[in-house]
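Working notes, beginning with the structure itself.
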Amino acid sequence: MKDPLNDTISSVDLLDHMGSDLTVVNAARVSMDKVSLELVEGDTKLINYLAKHGHWTPFSQPQIQLRIKMPIFIARQWFKHQVGFTRNEMSRRYVSSEPELYMPTEWRGKAESVKQGSGDVLPDSYDFYDIARDASVKAIKDYNLFIRNGVCPEQARMVLPQSMYTEFVETGSLAAYARLAKLRLDPHSQKEIQWYAQAVSDIIEPLFPKAWEALSNH
Ligand SMILES: Cc1cc2nc3c(=O)[nH]c(=O)nc-3n(C[C@H](O)[C@H](O)[C@H](O)COP(=O)(O)OP(=O)(O)OC[C@H]3O[C@@H](n4cnc5c(N)ncnc54)[C@H](O)[C@@H]3O)c2cc1C
């Protein structure tokens, strides 16, 4: 289990996976009516060739299933990645347990370039942490008041902030995760989503070492 935001709440957990580097190889080799029983050097070369030349279908055969807990403002970005993914998410229409909120301990400054979302960590000149914590405590208090007084969870949730955690089960192909990782490990991506992409990459890499390396390089 990974804790990308390092707050003991965020998580990325591998539930299941189907396939290995050989799955990619044998999906490609079926076109020649061939099968590899164990991965040899020629198979690694084939994997690199496929990745280099954009033959993505063999990389879409292996599947990975994760359970991910992330703040809503990051999930909004994560869910933009659609092709090759299936997701089921916890619903606050049915769940009225105390919401969990993400609270960073460091606040980044605005970046000089508009293409970069944030810059260096700001000095402790202003107590952003206390201000954010007060806003969060008030939001949770208001939510609990609505629930206690009979408001349905599907409306009461409107007072909750974007920092609230959501949780979902996600199944994606190796190809889909490689595309996501490439886009979200990029320094232009938001820092928090980079940390999630790194956690996913760290989980997948040992399962498909040759294919992940080839996809990352091309
Ligand atoms: C740094 C960064 C900043 C971003 N900023 C914004 C932003 O400001 N606003 C915003 O809305 N989004 C933003 N995005 C999201 C971005 O526009 C994409 O939606 C997201 O990266 C998912 O891309 P994907 O290629 O994995 O998409 P998927 O939807 O998973 O598609 C995968 C691939 O399938 C193909 N494909 C999918 N749909 C079609 C289609 N209809 N027609 C033809 N081919 C298709 C494309 O080749 C695509 O790359 C940002 C992403 C990044 C990484």
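Note that ligands are numbered from 1 as they come in the structure, with each ligand's atoms numbered from 1 the same way. Predicted, not measured: the structure shown is a model, and the values here were computed from it. Residue numbers run from 1 in the order of the sequence given. Any value given below was found using the heavy atoms of this structure, including those in side chains, with hydrogens, waters and symmetry copies removed.
With a 4.5 Å cut-off on side-chain heavy atoms, D7 and Y102 count as touching. The side-chain heavy atoms of I140 and E98, taken from C-beta on, include a pair separated by under 4.5 Å.
Within the 4.0 Å heavy-atom cutoff, L183 counts among the residues contacting ligand 1.
Side-chain atoms of K182 come within 3.5 Å of backbone atoms of L215 as a donor-acceptor pair (strictly under, hydrogens ignored).
Aromatic ring centres of F59 and F208 lie farther apart than the 6.0 Å criterion allows.
Protein non-hydrogen atoms do not reach within 4.0 Å of atom 17 (O) of ligand 1. At least one protein heavy atom sits closer than 4.0 Å to atom 52 (C) of ligand 1. Distance check for atom 47 (O) of ligand 1: every protein heavy atom is found at 4.0 Å or beyond. At a distance under 4.0 Å, a protein heavy atom can be found next to atom 37 (C) of ligand 1. At least one protein heavy atom sits closer than 4.0 Å to atom 30 (O) of ligand 1. Counting only heavy atoms, the protein gets under 4.0 Å from atom 34 (O) of ligand 1. In this structure, atom 6 (C) of ligand 1 has no protein heavy-atom contact shorter than 4.0 Å. Shown here, atom 43 (C) of ligand 1 is out of close reach of the protein: none of its heavy atoms lies under 4.0 Å off.
Listed by chain and number, the residues in a ring pair (Phe, Tyr, Trp, His ring centres under 6.0 Å) with F73 amount to none (sequence neighbours excluded).
Ion pairing between a basic and an acidic side chain is recognised when a charged N comes within 4.0 Å of a carboxylate O; K2 and D13 show no such pairing.
Q77 and Q190 share a donor-acceptor pair across their side chains, judged by distance under 3.5 Å alone.
Using a 4.0 Å cut-off between heavy atoms, R184 contacts ligand 1 through its side chain alone, with no backbone atom that close.
Distances from atom 49 (O) of ligand 1 to the heavy atoms of H188, R76, R179 put R179 nearest. Among K182, Q194, H81, Q82, the residue whose heavy atom lies closest to atom 22 (C) of ligand 1 is H81.
Geometric assessment of R157 against the ring of Y143 yields a negative cation-pi assignment under the 6.0 Å and 45° thresholds. Judged by the 6.0 Å and 45° rule, R87 forms a cation-pi pair with F85.
Geometrically, ligand 1 and V83 share a nitrogen or oxygen pair separated by less than 3.5 Å.
From the protein, the heavy atom lying nearest to atom 10 (C) of ligand 1 is K80 NZ, 3.7 Å.
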